[in-house]
Protein chains: 2
Amino acid sequence: MTKIDDVARLAGVSTATVSRALRGLPTVSAATRSRVLAAAEQLQYAVSPSASRLAGGRTGTVAVVVPRITRWFFGVVVEAAEDFFHRAGYDLLLYNLGGREQNRQRVLYATHLHKRVDAIMLVATPLRATDVTALAALDLPGVTISSGTTVPGWPCVRIDDVAAARTATRHLLDLGHRRIAHISGDPDDELAFSAHLDRRRGHQEALRAAGLQPDPSLDVESSFDIAGGTRATEELLRRGDPPTAIFAACDEMAMGALTALRDAGLRVPQDVSVIGIDDHALSGVLGLSTIAQPAVEQGRLAAQLLLDPLCGRALDADVSKPDSSVILDTRLVVRDSTAPARAN
Amino acid sequence: MTKIDDVARLAGVSTATVSRALRGLPTVSAATRSRVLAAAEQLQYAVSPSASRLAGGRTGTVAVVVPRITRWFFGVVVEAAEDFFHRAGYDLLLYNLGGREQNRQRVLYATHLHKRVDAIMLVATPLRATDVTALAALDLPGVTISSGTTVPGWPCVRIDDVAAARTATRHLLDLGHRRIAHISGDPDDELAFSAHLDRRRGHQEALRAAGLQPDPSLDVESSFDIAGGTRATEELLRRGDPPTAIFAACDEMAMGALTALRDAGLRVPQDVSVIGIDDHALSGVLGLSTIAQPAVEQGRLAAQLLLDPLCGRALDADVSKPDSSVILDTRLVVRDSTAPARAN
DNA sequence: CTGAAAGCGCTTACAG
DNA sequence: CTGAAAGCGCTTACAG
């Protein structure tokens, strides 16, 4: 494999000059630079990332940690961030926790990320106090997306989950519903997406604002995915006196609810209204009403917040101070899964 | 940051011994090893990946290239492969082409992968002759999943797309359908998932075997996703004399078809039957009949084929020769979107 | 603007 | 089983 010495020899300059020319540093004369580029081209030279990193101290790599890449929100966020990172010349190391506590430990503790990446993006990763400490000890720039716990010095990009949930439940209330169930993730699951706690809170706030008392029998926890939505809804129906509406903490759970309701012979929205949060790619196909959240925008913005300082760019004043949260807007999207409650 | 010299000093051995002990090489006495481990533990030592790679020549990293991580099949494959890689101690560099030819060039040509990874996994990445040459020049082990073009020396994991499509169309024929449309990806798109060519072939073979001539007016190409399925179906309906059944080249296109049919006031399956290929996570929710393909298994198996040789493990005889394809089974799943053609 | 030299932090023959 | 030493291939002060 050709190395920097070969290029230096062919171009008739020192390796230091080759290094500078190839990286586009300004302290190289135009004539020298073009000679170096020609030599590198001719020899098909590519720098050795390992050598460059060891000598230079920067890895040109960022770590992205997600709970499950197969879930809609995380896939979209990663895609958007990946595009931004690669345009900026950074590589992306993917860590998919896959619901295994052990994986989270390995990534967050074990100094695994140490010297391996220049920056870290944590997507909806639940953090204990010890995790935050370990992360801070890494002394790397980072950003969190949709995270309940924040890391000192790291900005956070998210939506207002409480408000989004309030809007969802209020939509159902406005349609005349009173028996409104809520299905969401399991708070006992250490790896659970923490946003669901806020979503429950928003739901209950909306109920109370309408003069209703949250009914524990209408609140079921399960896993934060399609199967969880199905199980939670089945449980709901098993309890008897079914709700006239279900607010699912995410669209995937809402889809599971749709399945369970259909299997139980209940029609949506005639018998039961259903609404979720996300605006999943398939929500339109299913006619699912939802609170849309900007996933692409969250991924892109978080990537930018992470990289701009590394690239020496200044940030906008309103998001430039670390620890600051950027809250993006959500939007009620009414489709066919929600309808007025039947008079009774 | 503590380095290997610090550990060596504390343990009272040479850096060479620390290196050996930490990597678990057998040529270290038990007593020495535990002394080294204790010292490393005490100092919170973590090896510098860059230094280790430069000196050792191995990166402990594999590149995974996918067209779009947000599409069902690719997300599932990456998740399965990621799990396998991380268990084996390898990091995963994700390259999401995102439909941009430019991205493919950057990843496959520009020697970008050179010295950056130990192995490459290409998922449904269309390869031109020049790409294959560039890849071969990298001289790295690799594996392809669901790829039309193979790379010399790289095994390939896939399903039999022709057979899967044949089964889908035969299912429709068995139900009495004769006007069976096919919607699939755009062959002019350089970045297109190449499997759709095989799927069209299987479709046409099944028609001919039933004594039918493929009708060009019932064959529409679009993008290989939900929106593409919708557009293709709208085009189909615009042509007049609609088909009684649609075979979509993948479930996401089939879902788009469902939307278009509903919007056109056609009922599924009463007016039009629809079948896809995949068994997407939401196909059950939508009641979509399909040909299920094992995505997790393909990702896991491909990762194994890639890593086993690197880890010095022997492969099973039937898949051990490079260039060999491993073909996994598919299975017809009948749900509610396909029904007998109405007598007329 | 350019070069000589040191150094980044490991691993690997080689020798014992 | 262990160590001294060379070397992996770059980048970075430092000097000019």
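Given the structure is predicted, the values throughout are model-derived calculations rather than measurements. Convention: sequence-line order gives letters A, B, ...; per-chain numbering from 1.
Applying the salt bridge (charged side-chain N to carboxylate O under 4.0 Å, His left out) criterion to B:R116, with sequence neighbours excluded, gives A:D91. For A:R9, the salt bridge (charged side-chain N to carboxylate O under 4.0 Å, His left out) partners are A:D6, not counting sequence neighbours.
Heavy atoms of A:T27 sit under 4.0 angstrom from at least one base atom. Residue A:P49 is classed as having no contact, given no heavy-atom separation below 4.0 Å to the nucleic acid.
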Which atom pairs, donor and acceptor, lie under 3.5 Å between side-chain atoms of residues 131-139 of chain A and protein residues at least two apart or in another chain?
| unit_1 | atom_1 | unit_2 | atom_2 | d |
| --- | --- | --- | --- | --- |
| A:D131 | OD1 | A:Y109 | OH | 3.0 |
| A:D131 | OD2 | A:R104 | NH2 | 2.5 |
| A:D131 | OD2 | A:R128 | N | 2.7 |
| A:T133 | OG1 | A:A129 | O | 2.9 |

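No donor-acceptor distance shorter than 3.5 angstrom exists from the side chain of B:W154 to the backbone of B:L306, with no hydrogens or angles considered. Side chain of A:E41 to backbone of A:L37: no donor-acceptor contact under 3.5 angstrom is found. A donor-acceptor pair is defined here as one N or O able to donate and one able to accept, closer than 3.5 Å; such a pair exists between the side chain of A:R158 and the backbone of A:S147. A donor-acceptor contact shorter than 3.5 Å is absent between the side chain of A:R300 and the backbone of A:V296.
Legend: side chain to side chain donor-acceptor pair (under 3.5 Å) pairs involving residues 55-65 of chain A, not counting sequence neighbours, sorted by first then second residue: A:R53-A:T61, A:T59-A:D118.
Not one side-chain nitrogen or oxygen of A:S29 sits closer than 4.0 Å to the OP1 or OP2 atom of C:dC1. A sub-4.0 Å separation between OP1 or OP2 of C:dG3 and a side-chain N or O of A:T17 is present.
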Starting at the 5' end of DNA chain C, what dot-bracket string do you get if Watson-Crick and G-U pairs under 3.5 Å are bracketed, crossing pairs use [ ], other-strand pairs use | and unpaired bases use dots?
|||.||||||||.|||
For nucleotides 8-16 of chain D, give me one character per nucleotide, 5' to 3': B if any protein heavy atom sits under 4.0 Å from the base, S if the only such contacts are to the sugar-phosphate, - if neither.
BBBSBB---
